[in-house]
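Convention: sequence-line order gives letters A, B, ...; per-chain numbering from 1.
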Amino acid sequence: MDSPFFATNALKWYDENRRDLPWRNTSDPYRIWLSEIILQQTRVQQGLPYYQRFIAAFPDVFRLAAAPPDKVLRLWEGLGYYTRARNLHACARLVVQNHQGVFPSRYEDLLRLPGIGPYTAAAIASMAFGQAVAAVDGNVYRVLARFFGLEQPINSPSGKRVFQKLAHELLDRQRPGAYNQAVMELGALVCTPKNPACHTCPVRSGCRAFQLNRWHKLPVKAQTRKIRTRYLHYLVFSGGNRVYMKKRKARDIWQGLYDFYCVETNRLQPAEKIVKSLGLRPGYISGVSPAYRHQLTHQKIVARFVVIGNPAGLPADAGLRPYTPAQAARLPKPVLITRYLADTGFL
DNA sequence: AAGGCGGGGAC
DNA sequence: GTCCCAGCCTT
């Protein structure tokens, strides 16, 4: 299905189904700008009352610029991302001081203002000034990825360029502002992240994701696996110039490398608690190391070493075997373990 | 390229 | 609990 189908039907649907929102009944750049800042990463339902309060308190950019910073921040309370409020105020003052209170109309000039990035600059330029620039936000990524069946990740720079270029090609040159809002409105009301209302979608018949039943797979996001913090409590059984170590099994970090008996928990625990959990008396503890930290690709390791000077309490069947310093030095070990052994002087 | 920022709603 | 939301800024 070709692009005119998408743009035409999205625009038509928008004209008939759009929500009546206050910033859509004006061409005042100040109001459009304010709404866009408030709606960054924020749902309309949450942002709407804030918009009303800001307009009531600051009807124009001069009133906002003249306000004390605390008053602006107080009105922003509860909305989150408070840098937005500080940038909002800074931007207002900049517009008043450097532009005589008149918002710049070109995308490139808007982009220079604090708090205005590529999306917001395009939104203002198109909606307030009719400039033919595509505003690409999370909704647009989702709608385009689904309609065109695009598998490029939306959170990589290369993927972003693909969507930006496509959005620019699709843009309705006659009504860029309405078109941009049409696509976003479609994403907000119909083509939602979960349970999209495909049965009411104006462009369903041309939608690749709908045809292939792949809406739930799109858009693709590159796995930005978040860092997991793991807390390892090592029990270092030692005595007679020997230290007890074991080989790590597969399917976890440090496969095949050698370390000590390990208790993993959700958080750092007192050494006594760890020892007790093994049925050992706390009196066996002959030393506790500070926390060692180690950064892996997607994990942060926090390790603490509890020295058990009495090998009598050795857990059977843990695969632990005694090694002399010379032997231990030759074993392959995680650098964390090597560091610890070096710190204690065992190696 | 990655991380931080935030509260709320859906699931 | 997780994911996402009309993103931007800093490092």
Please give the distance between the [atom1] atoms of [N] and [M] as a whole number of Å.
{"N": "B:dG9", "M": "C:dC8", "atom1": "P", "value": "24 Å"}
{"N": "B:dG6", "M": "C:dT11", "atom1": "P", "value": "16 Å"}
{"N": "C:dC9", "M": "B:dG8", "atom1": "C1'", "value": "23 Å"}
{"N": "C:dA6", "M": "B:dC11", "atom1": "P", "value": "14 Å"}
{"N": "B:dC5", "M": "C:dC5", "atom1": "C1'", "value": "14 Å"}

Nearest to the side chain of [X], which nucleotide is it out of [options]?
{"X": "A:L39", "options": "B:dG7, C:dC8, C:dA6", "value": "C:dA6"}
{"X": "A:P118", "options": "C:dC5, C:dC4, C:dC8", "value": "C:dC8"}
{"X": "A:N195", "options": "C:dA6, B:dG8, B:dC11", "value": "B:dC11"}
{"X": "A:Y82", "options": "C:dA6, C:dC5, B:dG7", "value": "B:dG7"}
{"X": "A:R84", "options": "C:dG7, C:dA6, B:dG6", "value": "B:dG6"}
{"X": "A:K194", "options": "B:dC11, C:dA6, B:dG6", "value": "B:dC11"}
{"X": "A:P193", "options": "C:dA6, C:dC5, C:dG7", "value": "C:dC5"}

Ionic contact status for A:E272 with A:K276, cut-off 4.0 Å: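 No salt bridge links A:K276 with A:E272.
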
Could you state the atom-to-atom distance from [atom1] of [X] to [atom2] of [N] in whole Å?
{"X": "A:Q40", "N": "B:dG7", "atom1": "CD", "atom2": "C1'", "result": "15 Å"}
{"X": "A:E36", "N": "C:dG7", "atom1": "CD", "atom2": "C1'", "result": "11 Å"}
{"X": "A:H216", "N": "C:dC4", "atom1": "NE2", "atom2": "P", "result": "14 Å"}
{"X": "A:W76", "N": "B:dC5", "atom1": "CH2", "atom2": "P", "result": "17 Å"}
{"X": "A:Q164", "N": "C:dG7", "atom1": "CD", "atom2": "C1'", "result": "13 Å"}
{"X": "A:L189", "N": "C:dA6", "atom1": "CG", "atom2": "C1'", "result": "12 Å"}
{"X": "A:Y81", "N": "B:dG6", "atom1": "OH", "atom2": "C1'", "result": "6 Å"}
{"X": "A:R18", "N": "C:dA6", "atom1": "CZ", "atom2": "C1'", "result": "15 Å"}

Ring centre gap for [X] and [Y] strictly below 6.0 Å:
{"X": "A:F6", "Y": "A:F147", "answer": "yes"}
{"X": "A:W76", "Y": "A:Y81", "answer": "no"}
{"X": "A:F103", "Y": "A:W33", "answer": "yes"}

A:Q41 vs C:dG7: side-chain N/O to OP1/OP2 distance below 4.0 Å: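 For C:dG7, OP1 or OP2 has a side-chain N or O of A:Q41 closer than 4.0 Å.
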
From OG1 (A:T120) to CZ (A:R84), nearest 0.5 Å: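 These two atoms lie 10.0 Å from each other.
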
A:L186 to A:P202 - nearest heavy-atom pair and separation: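 Scanning both residues completely, I find the closest heavy atoms to be CD1-CD, 3.6 Å.
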
By the 4.0 Å heavy-atom rule, please label [X] as base, sugar-phosphate, or nothing.
{"X": "A:R24", "answer": "base"}
{"X": "A:T120", "answer": "sugar-phosphate"}
{"X": "A:I38", "answer": "nothing"}

First of A:S158 and A:G78 reached from the 5' end of DNA chain B, by closest nucleotide: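 Nearer the 5' end of the strand: A:S158.
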
Residue closer to the 5' end of DNA chain B, A:Q45 versus A:T42 (nearest nucleotide):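 Looking at the nearest nucleotide for each, A:T42 comes out on the 5' side.
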
Check: A:R43 side chain, C:dC4 base, donor-acceptor under 3.5 Å: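 Yes.
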
5'-most by nearest nucleotide on DNA chain C - A:V44 or A:G115: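 Final value for this comparison: A:V44.
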
A:R175 to A:Y179 six-membered ring, cation-pi geometry met (6.0 Å, 45°):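 Verdict for A:Y179: no cation-pi partner in A:R175.
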
